[in-house]
Amino acid sequence: MAHLRKILFNLMAWSIVLAVAFPLFWMLVTSVKPQFELFRRPPTILPETWTFEHYWTLLADTNFLVYFRNSVILSSATTLLVVAVATLGAYSLVRFKYRGRESLAFLVLFTYLLPSVVLIIPLYLLLVQLGVSNTIFSLVIAYTTFALPYALWLLRSFMAGIPEDLESAALCDGATRMGAFRDIILPQLLPGIISTALFTFILSWNEYLYALVLVNSDSSRPLTTGVMNMLISSFNIEWSLLMAASVMMSVPLIIVFAFLQSYLTRGFGAGGVKG
């Protein structure tokens, strides 16, 4: 009976994997199919003729590289800003004792629960007043507003798991507060920082609504809105180019995750005090 349950569990698991992976597989094979094969009936699973012309067209004849550069700058800047502020904020919420600390922590989490559309008009008016509207910097500010609350709450949980005795011992040995934070807290907090950075980068890379509303300059658009405006219209959808763009948009996320996931398990439990 146990053997049968194991077989059924494996079948269910592989069915879920195939259901999730098939759209990605179809996107990849569609990007290397010639145009005449895209609408063939019955459809071909693998292309009869492999071609990379869609990728060359995308890179040579469109603004894809401009949008790609904007997304890299936008996501990287947002990640650095959010991680820096969230790390210091989490340290304050966990280590310093002041009136309203817990209420402030829950208020920060509550702001993350607000729908994104609620903040668009206030953000737009604020960015216009600051004179930075319709720029990449304006999107960095906007993305920080919805990424920072969750990042702060996530790092607060990691920070709370680091024993205060380690920092107290460093302070007794003559370390400054900043020195103890740099040498004791940050190494212990590294898995949480990397998890938060990965979450923030993916969130910024995939965000669409704020980019659509706050930026209408082609030179400042990220990939999400740039590809839509470039390849999707009321009369036609360039499916081959769209699939090629989707594959290339996924590559940085795959690289970032493959590089960082090895660090996610490091340091778990490293903050434990050993007797």
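Count residues from 1 along the sequence.
Closest approach of Pro191 to Phe158, counting heavy atoms only: C-CE2, 4.3 Å. Nearest approach of Leu127 to Ser138, heavy atoms of both residues: CD1-CB, 3.6 Å. When all heavy atoms are compared, the tightest approach of Ser219 to Val66 is O-CG1, 4.2 Å. Taking all atoms of both residues into account, the shortest heavy-atom contact from Leu203 to Ala147 is CD2-CB, 4.1 Å. Nearest approach of Thr176 to Gly179, heavy atoms of both residues: OG1-N, 2.9 Å. Nearest heavy-atom pair across Glu53 and Gln35 is OE2-N, 4.5 Å.
Around atom CZ of Phe9, no more than 12 heavy atoms belonging to other residues, nucleotides or ligands sit under 6.0 Å away. Within 6.0 Å of OH on Tyr150 lie no more than 12 heavy atoms contributed by other residues, nucleotides or ligands. Atom CH2 of Trp56 has 12 or fewer neighbouring heavy atoms from other residues, nucleotides or ligands inside a 6.0 Å radius. Under a cut-off of 6.0 angstrom, the local environment of OH in Tyr55 is crowded, with over 12 non-hydrogen atoms contributed by other residues, nucleotides or ligands. Remark: Phe36 CZ is packed, more than 12 non-hydrogen atoms of other residues, nucleotides or ligands lying under 6.0 Å away. The environment of CZ in Phe199 is crowded: more than 12 heavy-atom neighbours from other residues, nucleotides or ligands sit within 6.0 Å.
Hydrophobic clustering (side-chain heavy atoms under 4.5 Å, transitive across Ile, Leu, Val, Met, Phe, Trp, Tyr) keeps Leu241 apart from Val251. A single hydrophobic cluster is seen to contain both Phe96 and Val94, as judged by linkage of ILVMFWY side chains at heavy-atom distances under 4.5 Å, directly or through other members. By the rule that hydrophobic residues join a cluster once side-chain heavy atoms approach within less than 4.5 Å of another member, Val29 and Leu18 end up as members of separate clusters. When hydrophobic clusters are built by joining Ile, Leu, Val, Met, Phe, Trp and Tyr residues whose side-chain heavy atoms come closer than 4.5 Å, directly or via intermediates, Phe64 is grouped together with Tyr208. One hydrophobic cluster, built from ILVMFWY side chains closer than 4.5 Å, cannot hold both Leu24 and Ile255; they sit in different ones.
Atom CH2 of residue Trp239 and atom OG of residue Ser246 lie 9.5 Å apart, to the nearest 0.5 angstrom. Annotation: the span from Tyr143 atom OH to Leu74 atom CG amounts to 5.0 Å, rounded to 0.5 Å. Taking CD from Gln188 and CD1 from Ile162, the interatomic distance works out to 6.0 Å, rounded to the nearest 0.5 Å. Here the CE atom belonging to Met230 is positioned 9.0 Å from the CG atom belonging to Leu242, to the nearest 0.5 angstrom. In this structure, CG in Leu81 is found 12.5 Å from OG in Ser76, a value given to the nearest 0.5 Å. Here the straight-line distance linking atom OG of Ser133 with atom CG of Leu139 works out to 10.5 Å at 0.5 Å rounding.
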Audit row: Leu152, Leu93, side-chain contact (heavy atoms from CB on, under 4.5 Å) steps and yes/no: CA-CA 9 Å; Leu152 182 58; Leu93 290 175; 4.2 Å; yes
Met27 vs Ser250, side-chain contact (heavy atoms from CB on, under 4.5 Å): CA-CA, chis, key distance, verdict: CA-CA 11 Å; Met27 175 183 72; Ser250 303; 4.1 Å; yes
side-chain contact (heavy atoms from CB on, under 4.5 Å) assessment of Tyr210 paired with Thr145: CA-CA 11 Å; Tyr210 281 18; Thr145 60; 4.1 Å; yes
From CA spacing to verdict: side-chain contact (heavy atoms from CB on, under 4.5 Å), Phe25, Leu46: CA-CA 10 Å; Phe25 167 78; Leu46 294 176; 3.9 Å; yes
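Residues Phe68 and Trp205 place their aromatic rings such that the two centres sit under 6.0 Å apart.
Using a 4.5 Å heavy-atom cutoff, the side chains of Tyr91 and Arg177 are in contact. You'll find the side chain of Leu59 reaches within 4.5 Å of the side chain of Met248, heavy atoms only. The shortest distance between side-chain heavy atoms of Met159 and Leu189 falls below 4.5 Å. For the pair His54 and Ser31, the minimum side-chain heavy-atom distance is 4.5 Å or more. Taking the side chain as every heavy atom from C-beta outward, Leu186 and Ile193 approach each other to under 4.5 Å. Counting heavy atoms from C-beta on, the side chains of Asn206 and Leu253 come closer than 4.5 Å. Within the 4.5 Å cutoff, no side-chain heavy atoms of Thr224 are placed close to those of Met228.
Screening Ile136, Thr135, Val128, Asn134 for a side-chain contact (heavy atoms from CB on, under 4.5 Å) involving Val132 leaves a single residue, Thr135. A side-chain contact (heavy atoms from CB on, under 4.5 Å) with Thr87 is found for exactly one of Ile185, Val82, Thr196, Leu155, namely Leu155.
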